[in-house]
Amino acid sequence: MSVVLVTGGSSGIGLATVRRLAAAGHQVFSASRNPERAAPPAGVTPVAADVGDAGSGRAAVRTVVSAAGRLDVLVNNAGTGGPGALEEIPDQRAHEIFEVNLFGPMRLAAAAVPVMRASGGGRIINVTSGNDTVPAPFGGWYSASKAALASASAVLDAEVHQFGIFVTVVAPGLFRTPMAERLADRPDVSGSRYAAALAALPARAAASLEHAGDPDEVARAIEECMAAGDPPARIVVGADAEEMIKMVRDASPDDLARILREYVAGLAP
C-alpha cells in the first residue's frame, strides 16, 4: 500500500479521494487549511497546510515523511477561483489564485521529488480542470492558472521520469463540490461594468449542477492512475469536459474567439 498526501482533502474531490484511498488500505494524509473543521474519515491523518503559503506546503511534506518514513503519491487537488471580469479582479486576488493553483502545487512537487527519488520512484497527480484547455470568460485567472499547471506538469514529468517518478494531470469537468456549488451564489455586481453578464452566471451554474456528477468519479480516476504500471500523462473526467475540450481543440483560434464572444454576448442580450 502507498503513503499518500492529498491537498484540499477536507471537501469535494479531495475528500472523495481520501475516503476512497483510505478504504483501499492506503496510508492517507489529508492536508487542508482548517483540518479541525471536520473529523477526517477513518484511517486518514489530518495535516494543517495552506498550499498558498510557501513554507506551509513544504512543511506538509516533511510532516508526512516524519510520520510515515516516505511519500509515494502526492495528489495536488487544492484549488481556488471564482467569477469576475479580468479588468476588475484585484491583483492580490489574481496572485492568490496563482499561488494556490500553480505555485503551491509545484512547490509541493519540488519538496516531494527528492523523497520519491530516494525511494526509487513515485507518483505526482495534479488536478487541473477542463478549463486548463477551455478558457472561461469571467473565470480568466482560474483558467490561466490551471492551463499553467497543466503545462508545468508536462515539463516536470519529462524531467523526473528518469527517477521513476510519473506526473499525471487529472482534468475534471463540473462535479458536485462545495466550490462548484458556490458558482450558483448570487455575486455582488454593484458598480461592475459587467453586472448584467455576471448576474446571469449563477442561474447557468445552477442548471449545470443539476447534471453534475459525483466527485467520487474523479477519485476513482485518481485511484486507477495510482494503480497503473504506466500511468497516463493526462486523464479527462466527465463527459462535459471531454466535449468542451474536443470543441476547443477542433476550433481555429478565430473560431474559438467567436465562440467565447458569443457566449459572453448571450449572458446579457
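Residues A148 and F98 approach most closely at CB-CE2, 4.4 Å, considering heavy atoms. The minimum heavy-atom distance linking N77 with T7 is given by the pair N-OG1, 2.9 Å. Here the closest heavy-atom approach between residue G52 and residue R107 is recorded as O-NH2, 3.6 Å. Nearest heavy atom pair, residue A49 against residue A60, reads CB-CB, 3.9 Å. Summarising the geometry of M116 relative to R123, their closest heavy-atom pair is CE-O, 3.3 Å, with the distance given to 0.1 Å. Shortest non-hydrogen contact noted between P137 and P135 is CD-O, 3.4 Å.
Other residues, nucleotides and ligands contribute at most 12 non-hydrogen atoms within 6.0 Å of the CZ atom of R33. Counting heavy atoms of neighbouring residues, nucleotides and ligands inside a 6.0 Å radius, atom CD of Q162 exceeds 12 of them. Other residues, nucleotides and ligands contribute at most 12 non-hydrogen atoms within 6.0 Å of the CZ atom of R193.
A salt bridge between E242 and K246 is absent, with no side-chain N of the basic residue lying under 4.0 Å from a carboxylate O of the acidic one. No salt bridge links R20 with E217; every basic N to acidic carboxylate O contact stays at or beyond 4.0 Å. With salt bridges taken as basic N to acidic carboxylate O contacts below 4.0 Å, one links R93 and E96.
Between atom OG of residue S151 and atom CG of residue L156 there is a gap of 11.0 Å, rounded to the nearest 0.5 Å. The CG atom of L71 sits 13.5 Å away from the CZ atom of R62 when rounded to the nearest 0.5 Å. Within the model, atoms CG of L174 and CE of M179 stand 10.5 Å from one another, a figure rounded to the nearest 0.5 Å. Rounding to the nearest 0.5 Å places CD1 of I124 at 12.0 Å from CG of D72. For the atom pair K146 NZ and I97 CD1, the distance stands at 10.5 Å (nearest 0.5 Å).
Exactly one of V113, L5, I165 qualifies for a side chain to side chain contact (heavy atoms under 4.5 Å, CB included) with L74. That residue is L5. Checked options N101, L102, N76, L149; the residue passing with T128 is L149 (criterion: side chain to side chain contact (heavy atoms under 4.5 Å, CB included)).
L183 belongs to no hydrophobic cluster with other residues, because no ILVMFWY side-chain heavy atom falls under 4.5 Å from its own, directly or through intermediates. Side-chain contacts under 4.5 Å among hydrophobic residues (ILVMFWY), followed directly or transitively, place V6 together with V4, I13, L15, V18, L21, V28, V44, V73, V75, I125, V127, V170, F175, V218, I222, M226, I235, V237.
S32 contributes no side-chain N or O that, together with a main-chain N or O of S10, makes up a donor-acceptor pair within less than 3.5 Å. With S143 contributing its side chain and A136 its backbone, the two residues share a donor-acceptor pair below 3.5 Å. Checked by atom type and distance alone, the side chain of S145 pairs as donor or acceptor with a backbone atom of W141 at under 3.5 Å. Judged purely by atom type and a 3.5 angstrom limit, D157 uses its side chain to pair as donor or acceptor with the backbone of V167.
Clustering ILVMFWY residues whenever any of their side-chain heavy atoms sit less than 4.5 angstrom apart, transitively, puts L256 in a cluster other than the one holding F138. Side-chain heavy atoms closer than 4.5 Å link hydrophobic residues (I, L, V, M, F, W, Y) into clusters, and following such links, possibly through other members, connects I259 to I245. Under the 4.5 Å side-chain contact rule for hydrophobic residues, L267 and L260 do not share a cluster. Linking ILVMFWY residues whenever their side-chain heavy atoms come closer than 4.5 Å, directly or via other members, places F29 and L108 in the same cluster. Under the 4.5 Å side-chain heavy-atom criterion for grouping Ile, Leu, Val, Met, Phe, Trp and Tyr, Y263 is connected to V189 within one hydrophobic cluster.
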Report the C-alpha separation of Y142 and S129 in whole Å, then their side-chain angles, then the decisive distance to 0.1 Å, and conclude whether the side chain to side chain contact (heavy atoms under 4.5 Å, CB included) test is met.
CA-CA 9 Å; Y142 177 82; S129 163; 3.5 Å; yes
Using the rule given for side chain to side chain contact (heavy atoms under 4.5 Å, CB included), can you reason through S192 versus E88, listing the C-alpha separation, both sets of side-chain angles and the distance that settles it, and then say yes or no?
CA-CA 8 Å; S192 172; E88 296 176 345; 2.7 Å; yes
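With no hydrogens or angles considered, a side-chain donor-acceptor pair links R234 and T133 at under 3.5 Å. If you check the side chains of S252 and D254, you find no donor sitting under 3.5 Å from an acceptor. Inspection of the D50 and S56 side chains reveals no N or O donor paired with an N or O acceptor under 3.5 Å.
Listed by chain and residue number, nothing satisfies the ring-ring contact (aromatic ring centres under 6.0 Å, His included) test with F103 (two or more places apart in sequence, or in another chain).
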